Every structure is written in structure tokens, then in C-alpha cells.
Amino acid sequence: MNTLWTVLALGTGLSLVTTGAIAQAPSGYDITVNSAIDGPVTPDESLTLREAILLANGALALEALSSAEQGFVTPASTSTIGFDLPSDDTAIALTAALPPLQAPGLVLDGTSQPGYGETRPYLPNTPVPVVSLTPAEGIEVLTGLTITGSDVTVRGLNIYGFEAVPRIATLTTPSADILVINRDLPADLDPDAPMFEGLELADPEATITGVTIEQNWLGTRLDESMPEQRSAAGVVVHNATDVRIANNLIQHHEASGVITGFRADGLELDGNAIIGNGLAGMPDGVRLEGSLIGAAVTNNLICANDGSGIYLFKPDGSVQIESNAIRFNGRRFRRAAVYVMGHGHTIVGNDIGYQPGPGVAVSAYPQSNRNLIRANQFTGLDGLSIDLLAQGNSDILHFQRGDGPNPPRNHHHRRAETGNGAINAPDFKVYAFRTGPDYAIVGQADPGSEVDLYQIKEDTGVYSPLGEPLMTTTADADGNFSFDWDTETGAWVSAIASDPEYGTSEPSPVIGLPASDGTLPERLPATIPFEASCYGPVASTPTPRIEPIVLRVPRNIHFALDQSFISLESSFILDQIADAMQTYPSLTVELQGHTDPRASVGYNQALSERRALAARDYLLSRGIAAERMRIVPFGESRRRTQGNTTLDYARDRRVEFIFTDTQGLDIIFEAVETDLQIE
């Protein structure tokens, strides 16, 4: 340990004289940090966070501090680091990576800072931090905090701006606000450094355990705006068990908000708001892979991330996904709200909606069975509520969106070739017939399976989203099932079947159950009124109609040849669009990227996405919520013109803004070309 620490100390500015003063570590200290200044260890009048961590780790002797600094340290059984920073200087700008939090039982407690406790109405369990950690201006710092000790707690801090330029060394040293890993990283991560080895991944004894990360704001400023330099990822659990990540705000990251790597058995992800992540890298809000035995994702708000809300990539072990609000995800990649691979996952009691893709997709590769998907409510999907993939459908699109309704199972091989063993959707043989004053709804499903009946309230076709769960019955040995419908009120219904050996089916086509007078209730249209907001209530009632909105702003911006930078002239247009969206909160917008035809199709597709992302990032920086914007790159497939002059090409190089008003108002567009960039 001393050898490893010596390397780290050199990398963080700790003098050799100080390392020579390393003494026998005490059992612990209560330490109060009173300086926001970062830099080399220096005996002076103030105690820094760097000095506090070194002291807690036993890598800095108490005697090496000045008498004034020692006044902020009290012996204790375990170590706790608190804060008493000047009220006007609570942001710690790091000049280098902090030492790892390696002392067992260490608590780094930002809630101790005077003034802590302010809450936002929509985040009552995650108070606004006071103490911030961010890199000093112009300094690249790989991670905000690295946790390498068991039973370490990080609480009540604001951490953002941590990323590294990709290079060989970063292939094994992920950049994040908080990295949980079983061993210190090397301080030397210069471009020529080799990949780091020696994490002893296969040795379970080398795994740390019991880490708690709670009530932190990660990736965002204290006013919730997006930092100019975004962090790469929020929390990365690379090799640790029984990690609890609870009641954090995790927002605005380049990659996923939460990522697991080699081992995260017993992971508990509870009560977090995971919003607007995946802006440039791994796009999913929560990306879990590796060993996940006994992991649980519960009670989280997972919203407006670029990919899936939750993506389980070839996990070892099963994950419980329960009681989460998962909405407005897939803003860039039209993935399923929840995409799972593997066996035995439980997806119950979630509210899943407003997704440009299916609700839950179950992959067929590797073989995925026994995934139970029950008692969830779905709203506003562009796809099935539950989509079971077939191995023959293995395009990238299928790994994002699924492959649509399956035909009835016609061969036993499909058990191995289709997600959840190709369990059949229930089939309403006779959708309803009267038995006295009530109805009997009969049909067939896989023998012995449990059939859940759902009420359908939306009208998006024969596979409209599953709404409210109504009742459950069991199919007999011949597959026959029956529900008693004891209401005089008509309804639209669908059903799913679940077998513990194979999992849950896709939904059946929607059927109507007429009331006793032969009428059926009206279903809401596909474009039902709703409020595009992660936090706010999702309204189901129309608002009073007002005069048409006239957007006195262009519907597009233009770009220079082969460029995706926002010009000064285009920024003026985007400012007007941002102002309009702030004035009219019911507006959402689809940003469609385009190019001229003078490059390969693949190159132009990527370029059109970069242009749409550049416009989206600009609007994000102006405070427009991620859930109100969606990225659709078209490449060269939808030219503005059909000519071949430089003017035609300049008009082709654009991002178009397709506005939608979620309350059903009319919108009048205007188009200008003040920002054309002709070659």
C-alpha cells in the first residue's frame, strides 16, 4: 500500500518530505475542512479536502499539520470528513485528482456544511448541496472521487466537470464524478501511459463492499444548468458489492448516469433522479453489465436520457426493476424504455411512457428467459408495451427498438430463438359473450400461464399501450382461460401471459367489450395532451384552447461545409427559439439534421447527427429541458433543394426544428435564411 500511495502522492503534489512523515494510521478522525483551496499539502492556517483525505487514509501524519490545522481534527473510532467552508467560497476547484477514499468506514459528509438543507419541491429527498467539487479551469481531472475502501459513504456533495481525453490508459480507467473500484488508479494517465492492469477482477476477496452514495448532485450546477465542461459519467461501479446509490440527482453527463462494469452484486439504485444523460457517449440513463446478482433498481425517476432508461447488457445475475417512473427517454436513440438481456429479471410496478420505441424489450441474444414483466402501466409508446425479440432479427435497430409483434409460436425451436421462450400472447377466441347480466371473456394462452387483463385507454392501433392492470386468471392444462366481467360499463382491454419457466409474453391485440347498451368508451387519440416534463404531473385533460402561437423565429439553422459548429448568426436564431420555448412550456421540438449530398451516405448520416446534437446542446445550455427535445438525423436523404449550385448546397446543410404543442395548439412556422453559409 505504501508503494502504491507513494506513486499517487507524487501525482497529487504531495512533497517527499511529507510522505516521509507517514506515521501509523490512527483508528480515525473527525475532520473539518475549512478551505476551498486545493494544492500541495502545506502546514498553514487552513485544512483542505486533500489534506483531510490523506489524514483519514493514514497517509499523512497528524503531526505534519500546523497547530491551527490540528485544531480541526479530533480522534475518533472511524473517520468522518465534514465541511465548514466560508459561505462565499464553497466550490473546491481541484488541481489534480484527489487521493482515493480508502479508509474503511470513512464518511465524506457535505451535509455538515452550514446552510445545507434547502430543498426543491420536486426533489424533497435530495437537498441542494452547498459544497461543490469541480476541476480548476483548464485542468483535466479524471474523476471527482475515487472510492477504494469498503463501507465508505459520500453524502451531500455537488460534483461535475470530470472527464478525460480518450487515450489508451482511459480504456481501463473510466472517467466519472464518482468511481467505485477495488484498487487505486495510477496517477500517471498521460497519453503514453499503458492500460492499467492489476485490478484483480477475478478475485472476489479483492472486491470492496458496502459503499453508500447518497443525496449528491452529480453532473449539474447547483442551479441545475448544464456545465460548460460536462462529466463523462455519473457513478461508475467497476468492482464492488452491495453498493447503495440513493436519492441523488444525476444529470447532464456525456455517457450514462450510472454504469456498472465487472462486478456490482447487490447494487441498490433507489430514489434517484437520473435525467438527461448520454448526451455524447453511452446513451442510456442506467447501463448495467457484469455480475449483478441481487441488484435492484427501485423508485427512481429516469427521464429524458438519450438511449434507454435502463439497459441490461449481457448481465450475469438477475435485476429487480420496480416502481420506477421511466419516461421521455430515447431522445436521440429510439431505444426501448427498458431493454434487457439475460434471465430472471423482474420488471413490476413501473410507470413507463412517452417513448419513441417500445416499453420493455427482451433480447433473444444471448438467450433470455424467465423475465417477468407485470403490473406496469404504459403510456404514449411508439411500439409494443412488451416486445420479445427473435434471434433472426439482429440489426442494430432491433437492439434498440425491438422487432414488433411476434406470430404465434409455430415450432419448438422458437423457444430458444425468441426472448422469454417465445411464450404466446393470449388469444381471445371469443372476445366476450353475455352470461346473464355479466360478461365472460374467454380465450387461450400457454397452458398453466397466468393471464393479466389490462384496461386500454389510448388509441394507437391494435397494440395500444397497456394501461391499468385489472385482474388475473390462470390458463388450464389445455390453455383455456376466462375472466368474469361484472360491470355495465364497456371497456377496451388487452392481456399478457406469464409463465415462470419462460417469462411474460407480448400483449394481445386490443379488443372492445361493449356495455349493456352496446356502446364502447372513447379512447384518447395517439397525440393526447400531456406535459413534457420529467418532474411535473403528466396531464391527461386538455387545457383550454387559446389563440394560435406564431413563432416569429426561423424553423431552421444552417451550417458551413462539412461543419457542425453553431455560427454566430445561427446562435441568434437559436436564442429566439429558446425564448419561444421558455415562453410556451407546452412546446416540444424534433431537431432534424441534414446535409448536402457531397459525401458518402454514412458520413453524411453522422454529420447530420452532429449538427442536430450541436443545436440540442446549445438549447440545453439555454435551459431548455432535455425531455422537450428529440434528435432525428436524416443525413442527405431529405435535401432542401434538388439543385447542385453552392446556394442549393448551403440550403441543404441545416437543422430543421419541427415543433409540436403538447396541448394541441396550432403553430405557424416562419423560415428565413439569414445564416446561410455559401462556399
Side-chain angles (χ1 to χ4, degrees), residues 160-161 219-230 251-254 275-276 279-280 304 306 328 331-332 531-536 546-595 607-634 640 650-663 665-678:
Y160 65 90
T220 184
R221 292 192 179 98
L222 296 181
D223 62 0
E224 299 183 62
S225 65
M226 185 174 67
E228 184 175 347
Q229 176 173 302
R230 300 186 293 239
Q251 192 171 21
H252 295 321
H253 293 92
E254 295 273 291
I275 299 173
L279 300 177
D306 271 15
F328 296 114
R331 310 308 295 171
R332 179 161 57 106
E531 181 179 349
S533 170
C534 288
Y535 293 119
I546 62 176
E547 292 299 317
I549 298 173
V550 180
L551 296 179
R552 301 292 182 189
V553 293
R555 64 180 296 169
N556 51 22
I557 59 173
H558 298 90
F559 293 83
L561 175 64
D562 197 28
Q563 297 296 323
S564 57
F565 300 110
I566 303 296
S567 69
L568 180 62
E569 291 77 12
S570 295
S571 70
F572 296 151
I573 298 170
L574 288 169
D575 287 342
Q576 296 175 60
I577 291 174
D579 290 343
M581 296 191 71
Q582 288 167 346
T583 302
Y584 302 101
S586 59
L587 286 178
T588 63
V589 64
E590 184 172 281
L591 293 87
Q592 299 180 347
H594 302 272
T595 71
L607 178 59
S608 69
E609 181 173 349
R610 291 199 297 274
R611 288 172 173 166
L613 287 173
R616 193 270 299 270
D617 288 353
Y618 188 94
L619 293 175
L620 283 173
S621 71
R622 286 292 314 275
I624 306 303
E627 60 268 30
R628 299 175 63 191
M629 295 181 283
R630 176 177 163 189
I631 299 296
V632 181
F634 282 111
R640 181 70 176 82
R651 285 171 169 161
D652 290 338
R653 298 190 295 266
R654 71 201 189 279
V655 168
E656 291 198 11
F657 302 90
I658 308 301
F659 291 94
T660 300
D661 190 287
T662 61
Q663 303 302 325
L665 304 177
D666 294 329
I667 300 172
I668 298 175
F669 296 99
E670 292 185 344
V672 295
E673 297 182 340
T674 56
D675 65 335
L676 274 179
Q677 300 185 64
I678 303 173

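Note that the structure is predicted; figures quoted are calculated from it, not measured.
Here the closest non-hydrogen pair linking Ser608 and Pro633 is OG-CB, 3.3 Å. The minimum heavy-atom distance linking Ala615 with Leu591 is given by the pair CB-CD2, 3.7 Å. Residues Met629 and Ala625 approach most closely at CE-O, 3.7 Å, considering heavy atoms. Between Cys534 and Ile275, the shortest heavy-atom distance links the atoms SG-CG2, 3.9 Å. The minimum heavy-atom distance linking Thr588 with Ala532 is given by the pair CG2-CB, 3.5 Å. Contact record, Ala650 with Ile678: CB-CG1, 3.9 Å, taken as the closest heavy-atom pair.
In this structure, Gln251 CD and Leu279 CG are separated by 9.5 Å, a value rounded to the nearest 0.5 Å. Atom CZ in Phe565 sits 13.0 Å away from atom OG in Ser570 (nearest 0.5 Å). If you take CD on Gln592 and CG on Asn556, they are separated by 10.5 Å, rounding to the nearest 0.5 Å. We find the NE2-OH distance between His253 and Tyr160 to be 12.0 Å, quoted to the nearest 0.5 Å. Interatomic distance, Ile566 CD1 to Tyr618 OH, rounded to the nearest 0.5 Å: 8.5 Å. Atom CZ of Arg622 is separated from atom CG of Leu619 by 8.5 Å, given to the nearest 0.5 angstrom.
For Arg616, the salt bridge (charged side-chain N to carboxylate O under 4.0 Å, His left out) test picks out Asp306, with sequence neighbours left out. The salt bridge (charged side-chain N to carboxylate O under 4.0 Å, His left out) search around Glu254 returns Arg230, not counting sequence neighbours. With sequence neighbours excluded, the residues satisfying salt bridge (charged side-chain N to carboxylate O under 4.0 Å, His left out) with Glu590 are Arg630. In terms of the side chain to side chain contact (heavy atoms under 4.5 Å, CB included) criterion, residue partners of Glu673 (sequence neighbours excluded) are, by chain and number, His558, Arg651, Leu676. In this structure, Arg611 has no salt bridge (charged side-chain N to carboxylate O under 4.0 Å, His left out) partners at least two apart in sequence or on a different chain. For Thr220, there are no side chain to side chain donor-acceptor pair (under 3.5 Å) partners, not counting sequence neighbours.
Using a distance-only test at 3.5 Å, with no hydrogens or angles considered, a donor-acceptor pair links the side chain of Gln229 to the main chain of Gly161. Side-chain N or O atoms of Arg331 include none that pairs as donor or acceptor with a backbone N or O of Ala304 at under 3.5 Å. At distances below 3.5 Å, not a single donor-acceptor pair connects side-chain atoms of Arg332 with backbone N or O atoms of Ile631. A donor-acceptor pair is defined here as one N or O able to donate and one able to accept, closer than 3.5 Å; such a pair exists between the side chain of Arg628 and the backbone of Leu587.
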What do the steps show when you test Phe572 against Asp675 for side-chain contact (heavy atoms from CB on, under 4.5 Å), and what is the final call?
CA-CA 9 Å; Phe572 296 151; Asp675 65 335; over 6 Å; no

Is there a side-chain contact (heavy atoms from CB on, under 4.5 Å) between Phe634 and Thr595? Walk through the geometry before answering.
CA-CA 8 Å; Phe634 282 111; Thr595 71; over 6 Å; no

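At most 12 non-hydrogen atoms from other residues, nucleotides or ligands lie less than 6.0 angstrom from CZ of Arg640.
With a 4.5 Å cut-off on side-chain heavy atoms, Arg653 and Asp562 do not count as touching.
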